[in-house]
Amino acid sequence: MRLSRYYLPLLKETPADAQIASHRLMLRAGMIRQEGAGIYAWLPLGFRVLKKIEQIVREEQNRAGAVEMLMPTIQSAELWRESGRYDAYGKEMLRIRDRADREMLFGPTNEEMITEIFRAGIRSYKDLPKLLYHIQWKFRDEIRPRFGVMRGREFLMKDTYSFDIDEASARQSYNKMFVAYLRTFARLGLKSIPMRADTGPIGGDLSHEFIVLAETGESAVFCDRRLVDLETPAKDIDFDGDLQPVIDQFTSHYAATDEMHDAAGFEENVDEQNRVSARGIEVGHIFFFGDKYSTPMKAVVAGPDGGEIPVQMGSYGVGVSRLMGAIIEAYHDDDGCKWPVPVAPYHVGLVNLRAGDEACDAACEKIYAALEAKGVEVLYDDTGARPGEKFARMDLIGLPYQIVIGPRGLEKGEAEVKSRVDGVRETAPVGEVSARVANAVLEALQYA
RNA sequence: CGGGGCGUAGCGCAGCCUGGUAGCGCAUCUGGUUUGGGACCAGAGGGUCGCAAGUUCGAAUCUUGCCGCCCCGACCA
């Protein structure tokens, strides 16, 4: 993409409303624009990152055996009356009416709808288990939206729903999502820590929040350092095999958010040097809730003996748009974002220091074409801006690699390559620079 | 929802207390000089002062109501 054709409204000054780094940088780097309290438009640069996060989430869901679909954002009140949540949900639910004065709502989640869809198509225990998901915009009329996309009212969420014949089978579904989440967050460059979450009135131990450690996190968290060092399950893990050992590994050490924290237990069970007290961002939440919806909504299947059995359900959410904020919180410095390659809006920023100069233009065009041919995504700064401004904005938007072409270097046949993550700058022969950078990018994408 | 604050040019702000020509920096446009870390000179354009009502000869400024946004707390991906 040529910057001259792009829409990239950068802000030189720090927006007064933005309190945390990710919000500030998303506004400054022209990735989002606020359209209302907790409501954001996704500008081209931010949209690309959002789509990449979404795609990684999708790939890991598919790998775990979940099946993608898409449910609408608008739902009817009728459905929610069946589960009893229409009245219970309160003011967080945005309620609207259509022209016939029918009560509708903008979905804050989809348990009711997926249950309705499930019961319409499944009759027998032989058709179980089922694992369905979608990635769709949600609206929750939060009392206090804040921190940009970290707590928006409208947000993009991946929500999966599991349907099983009994609790043992449901646990396997739960474990699949548990492993899928560990892999998803790792691929996004994040260290996530599963923490036992409050299961509410249902009880049991089948609810975990996935927390990313970050100074600006909304909740205080406590965990055992050994958890942080555990290895992410490999991509060839057998999702239909016994996942329990992996889950046990990740749940055997102390980890709790402040509402579940037991200070005495923490000190008793965790050596002092392994105690981590930090702040975290909740990026995922998995939950088993049994027949909470299937019984009132009559989502039943015929069992082996012909009797009706309410299905055992679970739901599994990932805050896709929130993840973007979490990634920036983890990867930035004073100058801007430092995108990990897999989610970077473009892999390479090609900086033409003297647009209009024949030699510079020609060298840039050649590199641009060579990189694109290899599948490397390039944002080519072909504008007439001054060098200082070009450097500053490349650092701000934080593409992993910058290739700098200027008259000074060209005289010696050299290009400069800067790695945004570590700030290391190297020179390379102009003829080799595209191959060298392409290799680095493609290697970083291998992880998947 | 309770507490605090803000709304003036695209962005960041001053002016308001003490009513009287709407201002500054950045950005934008034109011309010129520049060009390896957010340039310089000269000129120009751009404003329903959040909305409405009231007080007044006169309101960005005072009063009332409404709307929007931000921050702190209880809830959430």
Side-chain angles (χ1 to χ4, degrees), chain A residues 9-20 23 27-28 30 33-39 53 57 89-93 107-110 135-160 181 184-185 192 197-198 200 208-212 217-219 257-259 280-287 315-326 335-336 351-357 360 381 383-396 402 404-412 414-416 418 423 425 427:
Chain A
L10 303 180
L11 303 177
K12 195 184 270 186
E13 290 171 84
T14 300
D17 290 346
Q19 301 297 308
I20 63 171
H23 188 195
L27 291 168
R28 286 197 55 211
R33 176 169 176 80
Q34 181 166 359
E35 295 295 340
I39 300 175
I53 295 171
V57 170
Y89 215 92
K91 300 188 87 169
E92 271 205 5
M93 185 148 76
T109 179
N110 288 68
I135 300 171
Q136 177 63 293
W137 294 93
K138 305 291 189 289
F139 193 96
R140 293 182 190 172
D141 202 353
E142 295 276 347
I143 294 166
R144 185 151 100 81
R146 63 184 125 169
F147 303 145
V149 301
M150 298 278 267
R151 181 192 288 290
R153 290 195 293 172
E154 189 179 65
F155 60 97
L156 188 61
M157 180 164 108
K158 186 286 301 174
D159 38 326
T160 307
Y181 278 24
T184 300
F185 302 131
S192 70
D198 191 359
H208 287 87
E209 293 177 356
F210 285 74
I211 306 281
V212 169
E218 282 197 273
S219 41
T257 56
D258 49 359
E259 65 257 27
I281 301 165
E282 183 185 354
V283 290
H285 197 159
I286 60 178
F287 206 94
S315 71
Y316 314 87
V318 168
V320 176
S321 45
R322 171 181 287 185
L323 272 169
M324 192 157 149
D335 294 328
V351 180
N352 186 342
L353 285 183
R354 191 81 58 91
D357 175 88
C360 288
D381 187 345
T383 67
R386 298 168 56 81
E389 186 179 351
K390 293 195 174 200
F391 290 133
R393 68 186 175 203
M394 269 306 167
D395 286 347
L396 176 59
Q402 299 171 11
V404 179
I405 299 293
R408 197 180 290 177
L410 274 190
E411 273 178 29
K412 293 181 280 181
E414 285 175 347
E416 184 180 297
K418 175 175 164 182
R425 296 184 216 192
T427 55

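So you know, we letter chains A, B, ... as the sequences are listed, proteins then strands, and number each from 1. Below, all heavy atoms of this structure are taken into account, side chains as well, without hydrogens, waters or symmetry copies.
Not a single donor-acceptor contact under 3.5 angstrom links the side-chain atoms of Glu389(A) to the base of G37(B). Scanning atom types as modelled, one donor and one acceptor separated by under 3.5 angstrom connect the side chain of Glu13(A) and the base of G25(B). Judged by atom type and distance alone, Arg140(A) does not reach the base of C76(B) through any side-chain donor-acceptor pair under 3.5 Å. In the interface, the side chain of Arg144(A) is not paired with the base of G4(B) through any donor and acceptor atom under 3.5 Å apart.
Gly406(A) comes within 4.0 angstrom of a nucleotide base, judged by non-hydrogen atoms across all strands. Within 4.0 Å (heavy atoms only), Arg28(A) reaches at least one base atom of the nucleic acid. Contacts of Gly152(A) with the nucleic acid, taken as non-hydrogen atoms under 4.0 Å apart, include base atoms. Heavy atoms of Glu282(A) sit under 4.0 angstrom from primed sugar atoms or phosphate atoms, though from no base atom.
Looking at heavy atoms from C-beta onward, Ser192(A) lies out of side-chain contact with Tyr181(A) at the 4.5 angstrom threshold.
Across the strands present, G7(B) finds its partner in C67(B); the criterion is a Watson-Crick or G-U wobble pair with both atom distances under 3.5 angstrom. With a cut-off of 3.5 Å on both pairing distances, G36(B) has no Watson-Crick or G-U wobble partner at all.
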Applying side chain to side chain contact (heavy atoms under 4.5 Å, CB included), run through Phe185(A) and Val318(A) and close with a yes or a no.
-> CA-CA 10 Å; Phe185(A) 302 131; Val318(A) 168; 4.1 Å; yes

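Between the NZ atom of Lys12(A) and the C1' atom of G37(B) there is a distance of 12 Å, given to the nearest Å.
Side-chain proximity of Arg425(A) to G36(B), G37(B), C69(B): nearest is G37(B).
A donor-acceptor pair under 3.5 Å is absent between the side-chain atoms of Arg151(A) and the main chain of Pro145(A), judged by distance alone.
When all heavy atoms are compared, the tightest approach of Arg354(A) to Cys360(A) is O-CB, 3.7 Å.
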